[in-house]
Amino acid sequence: MIEENSCVRLALLLLFLVFAYPDTCGSQRIDCGLLGSTYQEATSYWYGDNDFIRTGYNAQLRQNSSIRHKQMSSLRYFPDQNKNCYTIALYTNFYKVLVRAGFYYGNYDGLSKPPTFDLQFDSNLWTTVLTSLDNEPIFHELIFTGTRDIMSICMIRTHDGDIPFISSLEVLPLFPSTYEGMGNNRAFFAVYRWNFGGAEGIIEFPDDEHHRIWDPTTPIGFTNISADYKSLSIKAINEPPFEVISTMIEARRPLDPIILAFNTSQIDLRNYVILYFAESFKLQSNQSRSFDIYFNGNYNQTLSPRYMICDVIDGLGDGIFNLTLIPSNFSNLPPIISAMELFNVRDVVVEQTSEEDLQGLASITILSDRLDKMWTGDPCLPANAPWQWLRCNDDNPPRVTALYLAGYELTGYLLIFITQMEALEIIDLHNNSLMGTIPNFLGELPNLKELNLADNKFEGSIPESLLNNQKLSLNVSGNPGLKFPKKKRSPVVGLSVGGALLFVAICLVIAYFVRSSRRRMKIQEIQPGGTGEAQPIPHDQHGN
């Protein structure tokens, strides 16, 4: 009975939290660079970012009354490494998630040099962020299905001297019924979300329960109209807010078409368009509104909008997207449209760096607080943005082929998990404080060609597996506690092919001069006038 009562109390508490704070149910709104921890804005709760990222620095901007988003008054910037990532828990695994990142430069550094950098989610390139000195924030948004318990959002330095930053980050769950055409292996990258005819400003949460932002627009040459009702009789697909559907644009004359063209940032990608229509008033018996819908010049269907009901039309296209609404033959009212969403569509990469390598890297990063803080996002993906202290190949999944960790403040003992990293060709750990004996398992790495352990605190004997590996360039100099074998090849520096050839050449030259010197001395001894007596020339072993 006690356990049952506890469960009942817990269930009641969860229900209270959901109804009292509806925006907290799986939603995560992060004010990047916030000095405090939490605050409420309208019905939304915003959190500082210290629990989501371990790199970067906070900066505060001067209050700007023209910026309506409080989150734009702070930011986190990343001058120290090329890749910096937020790690976000997904409470709605295998559900759709809306992710929105905000950027406002605001000349926080006084350099008047707005940076350009890449934005990445998980192992996928999202977009290139082009910041400016304008007073308007930049927002990028995507919708995808989360397939793991966590996701990462990363800023990638792409130009020397540019310092990536971020102002806000929102990860917001969507109902499974929204955007049914997406699929688990695709992501929708928002290009436009227009509220046609909207005169009341931007529509967002809580008017849109899915946290979308609808920008008002009235293209030149059309008329704004509003519906004469206060609600819809049926919920539409994707559940757009009533405030969006109840306003429209209309062609000025009954026979005029509506023609709209939309540029996309990447014309080589596929586009996914969603159109929303509703009739604004109840038509009389002598009135008719009907029009043909064309995507990029291709007929889609004929539509007669319905009163108090939102009709949703969607479709795919390529490159620049053109929408045309042409009055049909029996229509005596001009075409109308309430709203539109336009997305770029891309397949989602779901793989990650090899699990064996992830475990091996984890065993290395615990040797340095500096490295531990730098664990951010996937080590090898995307391919153009691996961690800066390693190199990866293009296998699927990718494998780590090189570690460049000289001077990374490593201390302690190397762990056997490194042997799982079988693709390693180069390990450079010199100038650290690693200790103990050099592990024998390093010689078991099948592809290792170069091992630099110089200037550490290793002691004891050097493993035979390393000394006998003729394909390995080995450097263990600067370890006073090491015992060097007398009749083994020099373990101080494993010579490269060029170095070995140079060494052999020097030895040959020295031998030549020694032999020449001895020959000259011998000739002097047997010539007349020499200081010694002539000696008989010895016979060789054949008697010659």
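Just so we're clear, the structure is a prediction, and the values are computed from it rather than from any experiment.
- The closest side-chain donor-acceptor pair between Glu41 and Gln71 falls under 3.5 angstrom.
- For Asn135 against Pro137, the heavy-atom pair with the smallest separation is O-CD, 3.8 Å.
- Between the side chains of Asn296 and Asn298, not a single donor N or O lies within less than 3.5 Å of an accepting N or O.
- In this structure, the separation between CZ on Phe103 and CE on Met72 is 9.0 Å, given to the nearest 0.5 Å.
- To the nearest 0.5 angstrom, Leu474 atom CG is 8.5 Å from Asn452 atom CG.
- Glu341 and Tyr179 share a donor-acceptor pair across their side chains, judged by distance under 3.5 Å alone.
- Counting only distance, with no hydrogens or angles, the side chain of Asp378 and the backbone of Thr353 share a donor-acceptor pair below 3.5 Å.
- Between the Trp387 side chain and the Thr376 main chain, a donor and an acceptor come within less than 3.5 Å of each other.
- Of the N and O atoms on the side chains of His211 and Arg100, not one donor lies less than 3.5 Å from an acceptor on the other residue.
- When every heavy atom of His159 is checked against every heavy atom of Thr116, the shortest pair comes out as ND1-O, 3.6 Å.
- With Phe144 as the aromatic partner, Arg346 does not meet the cation-pi criteria of under 6.0 angstrom to the ring centre and within 45 degrees of the ring axis.
- Atom CD1 of Ile153 is separated from atom CG of Asp122 by 7.0 Å, given to the nearest 0.5 angstrom.
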Just list the side-chain donor-acceptor pairs under 3.5 Å for residues 51-61, sequence neighbours left out, or say none.
from: Arg54; atom 1: NH1; to: Asp372; atom 2: OD2; distance (Å): 3.1
from: Arg54; atom 1: NH2; to: Asp372; atom 2: OD2; distance (Å): 3.2
from: Thr55; atom 1: OG1; to: Asn84; atom 2: OD1; distance (Å): 2.8
from: Tyr57; atom 1: OH; to: Asp80; atom 2: OD2; distance (Å): 2.6
from: Asn58; atom 1: OD1; to: Arg76; atom 2: NH2; distance (Å): 3.3
from: Gln60; atom 1: NE2; to: Gly33; atom 2: O; distance (Å): 2.7

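- By the 6.0 Å contact criterion, CZ on Phe417 is open, its count of non-hydrogen atoms from other residues, nucleotides or ligands being 12 or less.
- Side-chain atoms of Asn344 and Asn271 form a donor-acceptor pair, as typed in the model, at a separation below 3.5 Å.
- In this structure, CG on Leu403 lies 11.5 Å from CD on Glu450, to the nearest 0.5 angstrom.
- When ring centroids are compared, Tyr413 and Phe458 stay outside the 6.0 Å threshold.
- Counting only heavy atoms from C-beta outward, the side chains of Pro115 and Tyr105 approach each other to under 4.5 Å.
- Put simply, the residue from Asn456, Thr411, Leu414, Asn479 that forms a side chain to side chain contact (heavy atoms under 4.5 Å, CB included) with Met435 is Thr411.
- Every residue meeting the salt bridge (Lys or Arg N to Asp or Glu O under 4.0 Å) condition with Asp357, not counting sequence neighbours, appears here in chain and number order: Arg399.
- At a cut-off of 3.5 Å, with distance as the only test, no side-chain donor of Gln81 or Gln388 sits close to an acceptor on the other residue.
- Between Tyr192 and Phe262, the gap from one ring centroid to the other is short of 6.0 Å.
- Remark: aromatic rings of Phe78 and Phe165 are distant, center separation not under 6.0 Å.
- In this structure, Tyr272 has its ring center under 6.0 Å from that of Phe188.
- For the 3.5 Å distance criterion, the side chains of Asp31 and Ser74 qualify, holding a donor opposite an acceptor.
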